[in-house]
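Notes to accompany the following structure.
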Amino acid sequence: MKRLYTLLYILATVMPIFAQPSAVKKAAKGVLKVTTFKADGTLMATGYGAFIDENGTAIAAWTPFIGASTAVVIDGQGKKYDVDCIYGASEIYDIARLKVKKEDKAPIYPITIEQGQQTVGADAWFVNYDVKAPLFTKTSPAKVETFMGNLPYYIIEQEDGAITDRHTGSPFLNAKGELMGLTKTSTTRTDLYVASARFALTLQPSALSANDNTLRRTGIRIALPTDYNQALLAMMIASQRNDSVNYPATVEDFITMFPDKEDGYEYKATILTDRRNFAEAETAMQKAIETSTTKDNAHYFYAKLIYNKELAMPDVPYANWSLDKALAEADAAIAANPLPLYRVMKGQILFSQTKYQEAFGEFNEANKTEPRNAEVYYYSYQCLRNMKAERAQQLEMLDSAIVLAPKQLLYLSEKALLLMKMNRASDAIAVAQQAITIAPQYAEGHGLLGLALCMTGNKPTGIAELKRAKALGYPQADAFLATYDKAETPDTKKKK
C-alpha cells in the first residue's frame, strides 16, 4: 500500500508536465525568477518573468524593482545573471523590460512573443517557475479585451485563487509555447490579468527617462536610448546625479554603443581624473583621439580635462600633464577646426599662464564669429585689467559684455567699480542702481551704490546703503564704513 501511495504521488507530480504540448515545456527554459536587494545587500522582493531574446533582454514584474538597488535573475536552467539595466516600466500593467549582464557563452533560451491573439476559451498555460520541475496549469481566457489600439488584454478567471501575488510576473503561454504576457493579480478579486507581451517592446528609454516618475522609484540603472543625441543628453543628466555606482556603468555603456564618439571617453576620463587615476584618464583620452570621427573635439576635450585638473589639483602632479600640454591639445583642436570654442579654451589656458596679451588675442579672435559671447568679452576685460591697460579700453569690453548679458550682476558690479576708479562715481550710481533693480537683495550692489554715493558727497544716503549691504553680508562694507561713517568709529563710540 505504501508503494502504491508513492506511485500515485509521483504520477500526480509529473502528469501535469507530460500533459503539456512539447512547445510549452520547451519554453519553460526561458522563464526566470527575479530577486531584488536593498542598498545594504539585504533581500527585498521576488517576482517572475521571461527572456525574450538571446542577448539577455527580458520582461518581468515591475513591483519587485521598486526601491531596489540591485537585482539578479535565475533562468529555467538555474543560470544566474545580474540585472544590468532597465529599459522602461509600467506601473499600470506591472511590467518592466530589462537586460542582464551576459558575461559568458552560456546560451539563453528566449520565449517567442505571441504576435496574434488568443480567443476566449483557447488553451493557455500558466507556468509556475521551478528550476527542476516547473508546474503548468492549463486555463483559458474568460475575456479578451484590447488596449493601445490592437494589443490583447486577457482576463483569466480562477475559482480557487491558487495563483496569488507571489506569482506576479509568471508567464502565460499559448499552445504554441509563445509568450502571451505576464501575470498581474488583483487585490480585490481572484481574476488574473495578462497584458500582451508586445506592450513591453514599447517600453523604450529616452533622454529624460531618469526623470520619469515610474523609473525614479528604482535604483537599478536606466538604459541609454539607441539614438546618439538622446543618449548623450541622458548621459549628461546622469552625470548630474550623485550616483557613484550607476553613472560609471552608464558611461561605459555609452562607449560600447558609440565607440567612435569622443563624449563617452571624456566622461570616463573625468571620472578617472576625479579619482586621481590620471594614467587611465590619459589612456581614455588617447583612445578618444584615435577613434573619434571628430578629432578636433577630442583634442578640445583633452585640453579642457588637463586644464581643469591643473587648476583644481595643482598640488597633485602628473608628469604627463601640464598647462603646456593642455595648450598643445588646444592648438591641435584649432589646427583641425578653428572653432571659437577652441580659441576660448586656448585663451583660458594662456590666462592661467599669465600670458594676458596672448590670451586677449584669442578671446578677441573668438568673438569675431557670430554669435558673440558675453563671457568672452568679460575674459577680455580681465586680460586688460591684468595688463593694466587703459581703463577706457577695459570699460569698452565690459560694455560689450553687458549689451549681450544685461542682467549679469557680476558685469554690472565690475563696471560700477571701474567707473569709480575713473572718477565717474555719478555714472557708477546709475549702474549700481541697475543691479539692485534686477536683484533687490544683491549685497554688493548696495555696497557699491553706497560707496559711489559717498564719493559724490551724499554721505547720509551712502552710509545707509553701506549699512544695508553689511546686513546683507557684503564683506567690504566695514572697510568703507570705517572711511565714511566717522560717527561709528571706535574712538567716537568711546567719547559717547
Side-chain angles (χ1 to χ4, degrees), residues 36-41 44 56-57 62 65-73 81-89 96-103 203-288 291-292 297-298 300-302 304-309 311-313 316 318:
T36 59
F37 303 89
K38 298 178 182 179
D40 61 4
M44 186 168 181
T57 307
W62 162 245
F65 290 97
I66 298 174
S69 292
T70 59
V72 298
V73 303
Y81 301 90
D82 291 326
V83 172
D84 182 25
C85 58
I86 291 179
Y87 292 104
R97 190 165 72 94
L98 56 99
K99 187 172 185 179
V100 302
K101 297 177 182 177
K102 192 174 183 298
E103 299 174 347
L203 300 173
Q204 301 285 349
S206 73
L208 301 179
S209 287
N211 294 327
D212 180 89
N213 288 333
T214 297
L215 294 177
R216 288 180 68 178
R217 299 186 70 189
T218 186
I220 308 294
R221 185 173 74 86
I222 308 305
L224 288 171
T226 55
D227 176 76
Y228 163 69
N229 290 319
Q230 290 276 307
L232 181 58
L233 179 55
M235 186 170 63
M236 291 172 63
I237 293 173
S239 71
Q240 297 166 5
R241 297 180 180 275
N242 187 22
D243 190 339
S244 60
V245 176
N246 287 333
Y247 172 52
T250 296
V251 171
E252 291 293 346
D253 198 16
F254 186 95
I255 292 172
T256 300
M257 294 170 65
F258 309 102
D260 62 342
K261 301 296 185 182
E262 65 280 352
D263 314 87
Y265 300 102
E266 181 214 1
Y267 279 88
K268 179 178 181 177
T270 300
I271 293 171
L272 292 166
T273 300
D274 290 342
R275 295 174 179 172
R276 303 191 176 189
N277 194 341
F278 306 125
E280 287 191 34
E282 179 182 18
T283 299
M285 289 312 304
Q286 288 172 341
K287 185 70 173 178
T291 61
S292 175
N297 214 24
Y300 162 72
F301 282 151
Y302 197 13
K304 185 171 72 169
L305 180 76
I306 297 171
Y307 169 74
N308 289 337
K309 180 269 170 191
L311 263 61
M313 294 179 273
V316 187
Y318 177 57

* Could you give me the CA-CA distance, side-chain angles and deciding distance for Met235 and Asp263, then say whether side chain to side chain contact (heavy atoms under 4.5 Å, CB included) is met? => CA-CA 9 Å; Met235 186 170 63; Asp263 314 87; 4.3 Å; yes
* To do: Find out whether Val83 and Val73 are in side-chain contact, i.e. whether some heavy atom of one side chain is under 4.5 Å from a heavy atom of the other.
  => yes
* **Residues that Glu280 engages under side-chain contact (heavy atoms from CB on, under 4.5 Å), provided they are two or more places apart** => Leu272, Asn277
* Could you pull out the closest heavy-atom pair between Pro248 and Ile271, with the gap in Å? => CA-CD1, 4.0 Å
* Enter the distance from Ile220:CD1 to Thr36:OG1 here, rounded to the nearest 0.5 Å. => 7.5 Å
* For Asn211, all residues meeting side-chain contact (heavy atoms from CB on, under 4.5 Å), sequence neighbours excluded -> Leu208, Ile237, Arg241
* Straight-line distance of Leu233 CG to Ser209 OG, nearest 0.5 Å -> 10.5 Å
* To do: Output the distance between atom CG (Leu98) and atom CG (Leu203), rounded to the nearest 0.5 Å.
  => 10.5 Å
* To do: Could you pull out all residues at least two apart from Glu266 that satisfy side chain to side chain donor-acceptor pair (under 3.5 Å)?
  => none
* Asked: Given side chains that start at C-beta, do those of Asp82 and Val100 come closer than 4.5 Å, heavy atoms only?
  -> no
* To do: Write down the atom of Ser206, the atom of Pro225, and the distance for their closest heavy-atom approach.
  => C-CG, 3.4 Å
* Calculate, to the nearest 0.5 Å, the distance between atoms CG and CD1 belonging to Leu215 and Ile66 respectively. => 10.5 Å
* For the pair Tyr265 and Phe301, evaluate side chain to side chain contact (heavy atoms under 4.5 Å, CB included) and give the outcome as yes or no after the intermediate values. => CA-CA 9 Å; Tyr265 300 102; Phe301 282 151; over 6 Å; no
* Closest contact, heavy atoms only, Phe258 versus Thr226 -> CZ-O, 3.4 Å
* For Ser292, check side-chain contact (heavy atoms from CB on, under 4.5 Å) against everything at least two apart and list the hits. => Glu262, Thr294, Ala298
* Which residues share a side-chain contact (heavy atoms from CB on, under 4.5 Å) with Arg276, sequence neighbours left out -> Phe278, Met313, Val316
* State whether the number of non-hydrogen atoms from other residues, nucleotides or ligands found under 6.0 Å of Lys287 atom NZ is greater than 12. => no
* Asked: Hey, does Glu103 have a side-chain heavy atom less than 4.5 Å from the side chain of Tyr81?
  -> no
* Nearest heavy-atom pair of Thr57 and Tyr87: which atoms, and what distance? -> CG2-CE1, 4.1 Å
* To do: Mark yes or no for whether Thr291, through its side chain, and Pro259, through its backbone, hold a donor-acceptor pair below 3.5 Å.
  => yes
* Check Pro205 against Arg97 and note the closest heavy-atom contact, atom names and distance. => CD-NH2, 4.5 Å
* Asked: Looking at Ala207 and Gln230, what are the two nearest heavy atoms and their distance?
  -> N-OE1, 3.1 Å
* To do: Rounded to the nearest 0.5 Å, what's the gap from SG on Cys85 to NZ on Lys99? Could you check?
  => 7.0 Å
* With side chains defined as the heavy atoms from C-beta onward, is the minimum distance between Thr218 and Trp62 less than 4.5 Å? -> yes
* To do: Taking the side chain as every heavy atom from C-beta outward, state whether Leu224 and Thr250 have any atom pair closer than 4.5 Å.
  => yes
* Asked: Roughly how far, to the nearest 0.5 Å, is the OG1 atom of Thr214 from the CZ atom of Arg216?
  -> 11.0 Å
* Is a side-chain donor-acceptor pair under 3.5 Å present for Tyr318 with Glu282? -> yes
* For Ala249, does its backbone N or O pair with a side-chain atom of Asp253 as donor and acceptor, under 3.5 Å? -> no
* To do: Report the C-alpha separation of Ser239 and Tyr267 in whole Å, then their side-chain angles, then the decisive distance to 0.1 Å, and conclude whether the side chain to side chain contact (heavy atoms under 4.5 Å, CB included) test is met.
  => CA-CA 8 Å; Ser239 71; Tyr267 279 88; 3.8 Å; yes
* Mark yes or no: Lys261 above the aromatic ring of Tyr228, with NZ or CZ under 6.0 Å from the six-membered ring centre and no more than 45 degrees from the axis. => yes
* To do: Please list all pairs passing the salt bridge (Lys or Arg N to Asp or Glu O under 4.0 Å) test where one or both residues lie in residues 242-252, with sequence neighbours left out.
  => Glu252-Lys268
